[in-house]
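Everything below concerns the one structure shown next.
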Amino acid sequence: MSTPYPFTAIVGMDDLRLGLLLNAVSPAVGGVLVRGEKGTAKSTAVRALSSLLPDVGVVAGCRFSCDPVSPDPACPDGPHEAGGGTARPARMVELPVGASEDRLVGALDIERALAEGVKAFEPGLLADAHRGILYVDEVNLLHDHLVDLLLDAAAMGASYVEREGVSVRHAARFLLVGTMNPEEGELRPQLLDRFGLTVEVAASREPDQRVEVVRRRLAYDDDPAAFAARWEGEESALRARIVAARALLPQVRLGDGALRQIAATCAAFEVDGMRADIVMARTATALAAWAGRTDVIAEDVRQAALLALPHRRRRNPFDAPGLDEDKLDDTLQEFGDDDPEPDPDGPGGGGGQPPPDGPDTPPQGDAGQGDAPAQPQESQGGEPQPAGGAEQAPVRAAEPFRTKMLSVPGLGEGASGRRSRARTDHGRTTGARRPRGALTKLHLAATVQAAAPHQRARGRSGRGLVVRRDDLRQATREGREGNLVLFVVDASGSMAARQRMSAVKGAVLSLLLDAYQRRDKVGLITFRGKDAEVVLPPTSSVDAAAARLESLPTGGRTPLAAGLLKAHDVLRVERLRDPSRRPLLVVVTDGRATGGVDPVALATRSARLHSVEGTASIVVDCESGPVRLGLATTLAGDLSGTAVTLDELRADSIAGLVKDVQAARRAA
């Protein structure tokens with residue numbers, strides 16, 4: 001077994017260490033989500049925590065880690081008699097992003113259950129994590145069906161495995177710790193709210209601190225055992241402090257004044273539900289115990305708010321988590337007149353406030369500052385008056401709206417999501433087949449039908465059905481998949497009217513919000529001037545796409561063909577990387593093509609490349625003014641796709657759009 005990196009050897013990252021230690025003191029806090037850029041030792045810190053946790057008493061031989069003092073009466077390995085037991089170190093169980101459902105919750109032997117009535121159950125990772133740590137690296141990339149199972153177990157403290165009426169239940173209470181890089185996509189709100197605390201981590205910009213990080217890491221890599229031995233004294237002291245804080249925790253008093261501050265803070269920041277209040281109360285109590293106090297003070301409440309509220313403040317996927325600390329201080333002061341004075345030796349500093357210039361933070365301030373040229377004047381027809389083809393400063397997007405669902409025709413087999421029809425492990429049952437590998441979803445009727453003709457030959461004499469492995473049938477199911485939505489946005493001078501480009505950005509932002517909700521990957525290509533640019537390669541981070549869109553400038557000619565060819569190159573590479581994920585091409589343009597030799601003919605040939613390869617396409621027609629040329633509709637025909645106007649893109653205005661897309665694909 002490899003020697004873990006010592007927790008006390010971690011340099012800096014005070015918020016991260018505090019958040020983990022508070023959960024070690026009081027697991028009821030509800031876990032911690034660690035957000036940060038790659039290479040910031042998020043996983044190292046989490047793995048180091050497990051060695052600090054006190055040993056756990058378990059019933060000898062129980063695969064579900066029952067407490068010998070009060071064993072679970074419904075334990076599948078039970079019943080157990082109270083008393084006795086053995087001690088073992090607390091476990092840290094890692095949930096891989098690509099884990100199967102059976103690996104997470106456990107597997108039931110369907111064949112023995114049907115033929116013998118025996119509940120032969122193999123525990124999964126949730127059973128292993130009971131009374132320990134469940135660690136999910138890159139938790140934002142976890143498949144939806146695993147997220148649902150995780151949510152159920154975290155809410156109920158138990159895991160249920162059901163297969164055609166045969167069920168197994170076991171306790172599953174664990175400390176949930178997740179790490180994620182926001183550049184790769186955000187978490188579903190339901191799972192985000194399940195984490196008690198959240199902390200933001202970023203690499204230090206101080207040269208001395210970075211030098212110390214490298215020095216310690218190199219020393220650890222050279223000799224992990226010797227490095228860990230040098231830190232054993234600090235580790236033992238920290239371990240003892242955790243034990244002492246746990247012992248003190250029941251004696252900590254949460255007074256009415258502190259409770260009023262907690263309630264007022266949650267109300268002031270308009271967080272949903274009551275979970276935030278409960279988590280803040282538990283966190284403030286743990287902070288007091290960690291500081292060796294038996295009274296919760298205002299500073300504990302403030303620190304608890306900075307750790308427990310930022311991720312609950314998100315109102316949409318493009319909001320950066322965080323708190324207004326001035327507002328927090330004003331609220332605490334208003335409702336804290338009767339509180340004792342803060343302990344200068346108590347906890348303080350830092351705490352949960354994300355860096356203001358993180359990777360997902362859109363540019364702040366007036367987009368028109370600096371040396372950008374003046375905006376073009378709009379004519380009465382809504383078209384911009386060219387300013388010599390000069391680049392125009394970015395404009396803000398209009399308010400996003402709910403869009404009608406766009407889907408890829410046919411039946412796919414891609415990653416689980418919420419957009420297009422696909423064969424999936426979850427959804428409505430559509431048929432049966434012989435299982436390929438382990439049986440996961442039994443089709444009971446098909447299994448009985450396959451076994452029935454052979455009952456006499458198999459010597460059936462009783463009421464039970466004689467079932468053999470060859471009779472088992474796997475249920476085939478149809479659900480929804482996530483797609484790759486590739487946006488190709490016209491940023492040329494013909495789109496540069498401020499009101500018009502604002503509406504275009506609002507439409508794309510709305511489609512990005514829809515892609516976030518449907519668990520798609522997204523990519524963003526823009527074309528203007530002489531060429532096209534991949535502004536954002538395909539990624540799960542819709543936030544990053546929204547940030548790039550916000551800062552998108554306009555101006556110059558309209559190289560439509562370059563945008564379509566760039567999209568063709570991107571899709572070709574993505575088909576090699578992830579052949580099961582089907583693409584949806586969304587071209588946002590007025591259909592004009594200018595610049596170069598015969599730009600219209602070149603754009604037509606470029607569009608037909610996508611048509612030949614069967615890429616599902618939507619053209620969002622941005623043409624405005626009383627006179628319309630219909631060029632976007634012509635482009636949609638060349639793509640074998642469908643053209644919709646900005647107004648038609650709204651959910652309440654385009655009933656039947658998906659049918660139109662499918663009809664166009666069939667006609668092609």
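All heavy atoms count here, side chains included; hydrogens, waters and symmetry mates do not.
Applying the side chain to side chain contact (heavy atoms under 4.5 Å, CB included) test to D638 and every residue at least two apart in sequence or in another chain returns T604, A607, R608, T634. Scanning for side chain to side chain donor-acceptor pair (under 3.5 Å) contacts around T429 gives an empty result, with sequence neighbours left out.
Checking R519, K404, R650, R419 one by one against D514, the salt bridge (charged side-chain N to carboxylate O under 4.0 Å, His left out) holds for a single residue, R419.
Looking at heavy atoms from C-beta onward, Y135 lies out of side-chain contact with L95 at the 4.5 angstrom threshold. A 4.5 Å side-chain heavy-atom check between L509 and L549 finds at least one atom pair inside the cut-off. Annotation: side chain of L511 is not in contact with side chain of L513 (no heavy-atom distance under 4.5 Å). The closest side-chain heavy-atom distance from L486 to I525 is below 4.5 Å. With a 4.5 Å cut-off on side-chain heavy atoms, L309 and T198 do not count as touching.
A salt bridge is absent between R518 and D520: the closest approach of a Lys/Arg side-chain nitrogen to an acidic carboxylate oxygen does not fall below 4.0 angstrom. Salt-bridge annotation for E481 and R421: absent, with no side-chain N of the basic residue lying under 4.0 Å from a carboxylate O of the acidic one. Residues E533 and K566 are not paired through a salt bridge, judged by the lack of any N-O separation under 4.0 Å between the basic side chain and the carboxylate.
Atoms CG and CG, from L484 and D578 in turn, are 8.5 Å apart once rounded to the nearest 0.5 Å. The distance from the OG1 atom of T558 to the CZ atom of F527 is 7.0 Å, given to the nearest 0.5 Å. With rounding to the nearest 0.5 angstrom, the CG atom of D277 is 4.0 Å from the CE atom of M274. How far CZ of F195 is from CG of N23: 10.5 Å, rounded to the nearest 0.5 Å. Considering CG of L126 and CZ of R173, their distance stands at 13.0 Å, rounded to 0.5 Å. Between the CG atom in L125 and the CZ atom in F174 there is a gap of 10.5 Å [rounded to 0.5 Å].
Inspection of the R582 and S407 side chains reveals no N or O donor paired with an N or O acceptor under 3.5 Å. Judged by distance alone, the side chains of D647 and T645 never bring a donor and an acceptor atom under 3.5 Å apart.
Although no hydrogens or angles enter the test, the distance criterion places no donor-acceptor pair under 3.5 Å between the side chain of R423 and the main chain of E478.
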